[in-house]
Amino acid sequence: MSKVITSRQEDYSQWYNDLVIKGSLADYSAVRGCMVIKPYGFALWEKMRDQLDKMFKDTGHVNAYFPLFIPKSFLSKEAAHVEGFAKECAVVTHYRLKKDPNGDGVIVDPEAKLEEELIIRPTSETIIWNTYKTWIQSYRDLPLLVNQWANVVRWEMRTRLFLRTAEFLWQEGHTAHATSEEAVAESVQMLNIYAEFAEKYMAMPVIKGVKTESERFAGAIETYCIEALMQDGKALQAGTSHFLGQNFAKAFDVKFSDKDNKLDYVWATSWGVSTRLVGALVMAHSDDDGLILPPRIAPIQAVIVPIYKGNEKKELLDAKAKQLEKELKDAGVSVKLDDNDNSRPGWKFAEYEMKGVPVRIAIGLRDLENNTVEVARRDTKEKKNISTDGFAASITKLLEDIQQQMYDKALAYRAQHITKTDDWNDFVKLLDEKGGFIAAHWDGTAETEEAIKEKTKATIRCIPLNNPQEAGKCILTGKPSSQRVLFARAY
RNA sequence: CGGGGCGUAGCGUAGCCCGGUUAUCGCGCCUGGUUUGGGACCAGGAGGUCGCAAGUUCGAAUCUUGCCGCCCCGACCA
């Protein structure tokens, strides 16, 4: 027993850390607040990235790359934007080091001070809109649909692996449109893509909604979001899509001529998801034995473990295992045959459970005689023997079932954790004892939202899209309200 | 930045209160052998600036002071 995971009940935070570290997703690094994404964790991110990238391209977007550095003056051009990010920007002030004349090390060369300091991008709206100014002249240049995969830096006071690190990987889409309607439609389209990705691939149900003014992206007119629910009852924002109006076009003077040769500012969107999704995936599904990964995102979908006694029929067994591996590969399953002789089957079983591999296939001498294998699924721990006739089809079907059942389970959990209440004491009690989303009336003011946050640490996660309208009274102030909004404590 | 915890081999730790041979144990690692249907066993072996620095002392992992780093909780945020 070399790897022990803290149970969720004992310490949820520690459980999460254990999973990330012991599941080989990431390591702490020598840099405060930054992590090393290990190969297995990166493979997971790559699976997400590749799928999202395909979905972006299928909707007409193209990839590009903009600089890591942003001139300081750019950031101040959009007032709300600078306000939102100023507190967490890393700044480059010099471009050279030199030998320390008083010691062995190096020091910043005071002679090499930059004329204008550079900000490490916390997001790229400014550098991109500064560039778009030169790309856009006419309505024929629109829409401009660009995405970039990049790293960004936000100097957070307190960090958590994947959920909040000083540097993280993400994609940021930045689009320009001729009309407001078209830009809004783009924001909603991307929100739908995120939701589809979360639900179909990550098996993680999400609620689509809009943010209140105080939770809105700095510089946006409207922020759309998908909100997911974690197993400890806390909400997690899994993706955002912003309708930016003409704010950045005005700040960077990006105008276009329409068909009637009239000049107008262009309309913008931006949208992003990050490596935070890895953290969401971990917390949405996993258990006290390790990760549980949905088949469509799992780097390894099935692992084959041969079990032998000495060298008896070992060649036959090896041949059979290789044949099964090939059958799965041919069927498009990402499979690993673990015939490493250094660790024994029991160790391998535990290890692949830790890593969340959806399906484990064990084959031994008994199976060889019976033309069977033992198949174990990670999500339910269920084991059964199946025939090797139609093997690949059985496994493919099983992977689909697991994907579906993981989603259904998460959906059922969420359904049980959206609670309506109209009573303040009940509201507080629900937050403390049950968790999850609480659907309650709100008078629509930022003051009330802030007061609720101070009293309960719960924030308005979103106002769901197509939210039913219903007359009621604000949960805190009793003032009239026209709809319920979703409150939760959040990551 | 405040509160709490911690720093001893790759990982997890004992020893510290009450200073005294060669710093404990487990896992992992290396060599050889036996094993393999739920984290194997035997034998041998390698591996240490006890977080860093100064001080007290004949003598410091242990006492004193300062510093550094990490984790958890809170304020900030995705």
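Reckoned from all heavy atoms, side chains included, excluding hydrogens, waters and symmetry mates.
In summary, the side chains of A:Ser124 and A:Gln148 do present a donor paired with an acceptor at a separation below 3.5 Å, with no hydrogens or angles considered. Looking only at atom types and distance, the side chain of A:Arg377 has a donor-acceptor partner in the side chain of A:Gln405 under 3.5 Å away. Side-chain contact, A:Arg121 with A:Thr123: no donor N or O sits under 3.5 Å from an acceptor N or O.
One interatomic measurement links the two molecules: NZ of A:Lys314 to C1' of B:U36, which rounds to 11 Å at whole-angstrom precision. Here B:C70 presents its C1' atom at 12 Å from CD1 of A:Ile21, a figure rounded to the nearest Å. Rounded to whole angstrom, the span from the CG atom of A:Asp18 across to the P atom of B:C71 amounts to 14 Å. Put simply, NZ on A:Lys22 is 17 Å from P on B:C27, counting in whole angstrom units. Rounded to an integer number of Å, the gap from CG of A:Asp338 to P of B:G38 is 16 Å. Protein atom CG of A:Asp27 is 12 Å distant from nucleotide atom C1' of B:C11, rounded to whole Å. Straight-line distance from the CE atom of A:Met35 to the C1' atom of B:C71: 17 Å, rounded to whole Å. Rounded to an integer number of Å, the gap from A:Arg164 CZ to B:C76 P is 11 Å.
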Pairing string of RNA chain B (Watson-Crick or G-U wobble, both atom distances under 3.5 Å; | = paired to other strand) is (((((((..(((.......[....))).((((((.....)))))).....(((((..]....))))))))))))....

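Evaluation of atom-type donor-acceptor distances gives no pair under 3.5 Å for the side chain of A:Glu353 against the base of B:G39. With hydrogens and angles left out, the side chain of A:Lys383 and the base of B:G38 share a donor-acceptor pair within 3.5 Å.
For the OP1/OP2 pair of B:C77 and a distance below 4.0 Å, the side-chain nitrogens and oxygens of A:Arg154 include no atom meeting the criterion. The phosphate of B:G37 (OP1 or OP2) has a side-chain N or O of A:Arg344 nearer than 4.0 angstrom. Close to B:C71, at under 4.0 Å from its OP1 or OP2, lies no side-chain N or O of A:Asn17.
Taking the six-membered ring for Trp and the full ring otherwise, the centers of A:Trp271 and A:His61 sit less than 6.0 Å from each other. With ring centers used as reference points, A:Phe487 lies under 6.0 Å from A:Phe427.
A:Gly84 comes within 4.0 angstrom of nothing in the nucleic acid, heavy atoms only. A:Thr459 comes within 4.0 angstrom of nothing in the nucleic acid, heavy atoms only. As judged by a 4.0 angstrom heavy-atom cut-off over every strand, A:Gln237 is placed among residues touching the sugar-phosphate backbone only. A:Arg366 comes within contact range of at least one nucleobase, with a heavy-atom separation under 4.0 Å.
For the pair A:Arg360 and A:Phe349, the distance from NZ or CZ to the six-membered ring centre is under 6.0 Å and the angle to the ring normal is within 45 degrees.
Under the salt bridge (Lys or Arg N to Asp or Glu O under 4.0 Å) criterion, A:Asp232 pairs with no residue at all, not counting sequence neighbours.
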